[in-house]
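Accompanying notes for the structure given below.
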Number of protein chains: 2
Amino acid sequence: MDYKNTLLQHIEPIAPLSEAERMAVLAAFQPKKLKKKEMLLFKGDISQHMRFIAKGCLRSYYLDDNGQEHILQFGIEGWWVNDLYSYLTQTPAEYFLQAVEPAIVLQVQRSQLEALFKRVPPMERFFRIKMQNAYVAQQERTIKGMRMTAEQRYIEFREKYREIEQRVPQYMVASYLGVTPEHLSTIRKKINS
Amino acid sequence: MDYKNTLLQHIEPIAPLSEAERMAVLAAFQPKKLKKKEMLLFKGDISQHMRFIAKGCLRSYYLDDNGQEHILQFGIEGWWVNDLYSYLTQTPAEYFLQAVEPAIVLQVQRSQLEALFKRVPPMERFFRIKMQNAYVAQQERTIKGMRMTAEQRYIEFREKYREIEQRVPQYMVASYLGVTPEHLSTIRKKINS
DNA sequence: CGCATTTCTTAAGATACCTTAATTTTTTTG
DNA sequence: CAAAAAAATTAAGGTATCTTAAGAAATGCG
C-alpha cells in the first residue's frame, strides 16, 4: 500500500484532492510488479494504460532498421511512462517499455481514467500540466540534441538526472544521448582528468 | 473574409461544427496582417493568443548565447504558431515569432478561447488532437536529429515539407536542420549530381 | 566461490560536420 | 535599371564522432 502514497505525493502538489477524491484515484490504479528486463509494452501493442512508476526504473526505446536500440526516455519513482501516441490514438505502439530495475508500476485503464477525469476534475488538470511539461521538455531536447556536443549533453544529463545515471548502465546513457558507448567512455575519461 | 474559410477548412475535418458553432468560432478570431520580417512575438513577451496562419509563412526561433538564431519551426497556411509554453503557463516567451513572408494570422485571445471551449466542445477536441500530434512530431524530431546524418535529415525534410523548402531561404532550412548553411550547400551539391 | 556474461575501456583509422574566408549569385530597393 | 544587400557556393584545414577490434573490469548466477 506504500506505493500508493507515492502516487498521491506526486499528484497533490500539482492538484490537491479531497479525501473522497483520493479514494477514487487510488481505486482506479492497479499495481503491477516487474522483474528486471521484463517488458511492459511491445512495439505493435496498443497501449491500454497510463502508467506511474511507484518503484524502480524503466526505459522506453525503439529499434531502428538495423535492429539497434535507441532510448527515448528513462523513468524512475514518480515518473509516468508510456507510448503516449499509442495510448491517445489507440494505434500500435512504436516503442518498447521495459524495466531496467525490478519495478512496481501503478496502471490505470484508459476508460477508467476518462471516467476519473469526470469524477475528479483535478486529475484532468494534473495530466494537462504533465502533458505541457512533456511537450516543452521534448522541444528543448530536440534543440539541444542538434546544437550541443556530446560532451555538453552528457554534462547536462549528469546534472539533471544524477540519480538516473547511477541506476542505469552507461551504454544506455550513451543510447539516450545519441552517441556510441565508446565515445561516451572517452568523454568520461576526458572529464575526469 | 476568405481567410476565415481557411480556418474552418482546417478545423472541420477533425471536429465538425454546426452553423451556430461556426459563427461562434469565427467571431472569436481576429485577423492580423504582417509584413515580411515583421515580429509577432518577442522573447520575454507573454503569449496572449493562439495563432492560426491563414496566409503566408512564419517561423519560430531562439537566440543562443552567441546571438545565433536557431529555428524551431516553420508554419504556412493551416498551421498554428506560438510559444506554446508561454501561452499555456503565462510566462515570458523563450522564442521569437516572425513572418518570413507577408502573412495573415488569425488570433484568438486566451480567455476567449477558454470560453469557446465551453461553448463549442468540438474545439477542445480539435486542440487536444493538435497538441498530441505536436508532441509526437517533436518526439520524432528529437530522435531523428540525434541519429540521422544531416544528409538524411535534409532528404526527409524535402519530402515532408517540399512546399516550405521552396518558400524559405536555404540558410533557414539549414538552421532548422541544425547544420551550417555551408554544409547544407555541399549536401545539395552532392545530391544533385 | 568461480565461470559466463555483460559492460566498459582503449586506440587507430575513417567520416561527418564545422570554421573561416573568399567569391559568385540572387534579391531587394532607391 | 543599377547599386547595395542578402543569400548561396566553394574549398581548405580542423574537430567531433563513428567504426572496428581487442582486452579489461564488473556483474550475475549456478
Side-chain angles (χ1 to χ4, degrees), chain A residues 34-38 56-57 59 61 64-71 74 98-103 142-158 164-193, chain B residues 34-38 56-57 59 61 64-71 74 98-102 143-158 164-193:
Chain A
L34 295 165
K35 291 178 194 154
K36 186 169 174 174
K37 297 198 184 175
E38 192 174 339
C57 180
R59 62 170 179 153
Y61 66 94
D64 70 16
D65 303 335
N66 308 320
Q68 279 242 300
E69 290 179 4
H70 300 284
I71 294 180
F74 296 110
Q98 187 192 37
V100 175
E101 286 175 1
T142 301
I143 301 302
K144 291 184 171 169
M146 287 199 303
R147 323 286 171 176
M148 292 168 50
T149 65
E151 182 176 333
Q152 290 172 314
R153 275 179 275 145
Y154 174 60
I155 289 170
E156 230 188 69
F157 178 82
R158 261 179 128 164
I164 291 176
E165 201 204 350
Q166 287 158 2
R167 289 169 67 174
V168 305
Q170 195 172 305
Y171 75 88
M172 287 192 189
V173 175
S175 173
Y176 177 87
L177 293 174
V179 299
T180 58
E182 293 83 356
H183 188 49
L184 181 54
S185 182
T186 63
I187 287 169
R188 282 165 51 84
K189 187 181 170 189
K190 185 186 160 197
I191 289 175
N192 304 325
S193 65
Chain B
L34 295 165
K35 291 179 195 153
K36 185 170 173 172
K37 296 197 185 174
E38 193 174 338
C57 180
R59 63 171 180 152
Y61 66 95
D64 69 17
D65 303 336
N66 307 319
Q68 278 242 301
E69 290 179 2
H70 300 283
I71 295 180
F74 296 110
Q98 187 192 37
V100 176
E101 286 174 3
I143 301 302
K144 291 184 171 169
M146 288 199 302
R147 323 286 169 174
M148 291 168 49
T149 66
E151 182 176 333
Q152 291 172 313
R153 274 179 276 146
Y154 174 61
I155 289 171
E156 230 188 68
F157 177 82
R158 260 179 128 164
I164 291 177
E165 201 204 350
Q166 286 158 2
R167 289 168 67 173
V168 305
Q170 195 173 304
Y171 76 89
M172 287 192 188
V173 175
S175 173
Y176 177 87
L177 293 175
V179 299
T180 58
E182 293 84 356
H183 188 50
L184 180 54
S185 182
T186 62
I187 287 169
R188 283 164 51 83
K189 187 182 169 189
K190 186 186 161 200
I191 290 175
N192 303 325
S193 65

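Since the model is a prediction, treat every value here as computed from it, not as a measurement. Every chain is numbered from 1, with letters handed out A, B, ... down the list of sequences. Side-chain atoms are counted along with the backbone in the values below, which use heavy atoms only and exclude waters and symmetry mates.
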Atom pairs, N/O to N/O, protein against nucleotides 24-30 of chain C, distance under 3.5 Å?
from, atom 1, to, atom 2, distance (Å)
C:dT28, OP1, B:Lys36, NZ, 2.9

Item checked: Upstream residue (5' side of DNA chain C) when A:Thr186 and A:Met146 are each assigned their closest nucleotide -> A:Thr186
Margin query: Heavy atoms within less than 4.0 Å of DNA chain C: which residues of residues 176-185 of chain A have one? Give them sorted by number.
Written below: A:Glu182, A:Ser185
For [X], check side chain to side chain contact (heavy atoms under 4.5 Å, CB included) against everything at least two apart and list the hits.
X	result
B:Pro169	B:Val100, B:Tyr171, B:Met172
B:Asp65	none
B:Ile191	B:Glu151, B:Tyr154, B:Ile155, B:Arg158, B:Ile187
A:Leu34	A:Lys32, A:Glu38, A:Leu40, A:Leu58, A:Ala99, A:Ala103, A:Val105

Note to self: What range of DNA chain D does chain A touch, first nucleotide to last, counting atoms under 4.0 Å from its heavy atoms?
What the structure shows: D:dT17 to D:dG28
Note to self: Let me test you: for the helix from C:dC1-D:dG30 to C:dG30-D:dC1, what is the angle between the axes at its two ends (five pairs each), rounded to 10 degrees?
What the structure shows: 60°
Quick one: does [X]'s side chain get under 4.5 Å of [Y]'s, heavy atoms only?
X	Y	value
A:Met148	A:Glu156	yes
A:Glu69	A:Arg59	yes
A:Pro102	A:Lys36	yes

Check: Should A:Gln170 be listed as having a side-chain N or O under 4.0 Å from OP1 or OP2 of C:dT9?
Finding: yes
Tell me: [atom1] of [X] to [atom2] of [N], nearest whole Å?
X	N	atom1	atom2	result
B:Arg147	C:dA16	CZ	P	18 Å
A:Met172	C:dT6	CE	C1'	11 Å
B:Met148	C:dC17	CE	P	11 Å

Next item on the list: Heavy atoms only: give me the nearest B:Cys57-B:Val168 pair and the separation to one decimal.
Entry: SG-CG1, 3.7 Å
Checklist line | Pairing residues for B:Tyr61 by the ring-ring contact (aromatic ring centres under 6.0 Å, His included) criterion, not counting sequence neighbours | finding: B:Phe96
Next item on the list: Go through the structure and list residues passing ring-ring contact (aromatic ring centres under 6.0 Å, His included) with B:Tyr176, not counting sequence neighbours.
Entry: B:Phe74, B:Phe157
Check: Which pairs count as salt bridge (Lys or Arg N to Asp or Glu O under 4.0 Å) when at least one residue sits in residues 171-189 of chain B, sequence neighbours excluded?
Finding: B:Glu165-B:Arg188
Margin query: I'd like to know if the side chain of A:Asn66 reaches the main chain of A:Gln68, judged simply by a donor and an acceptor atom lying under 3.5 Å from each other, with no hydrogens or angles considered.
Written below: no
Notebook entry, point to check: Which residues pass the side chain to side chain donor-acceptor pair (under 3.5 Å) test with A:Glu101, sequence neighbours left out?
Noted result: A:Arg167
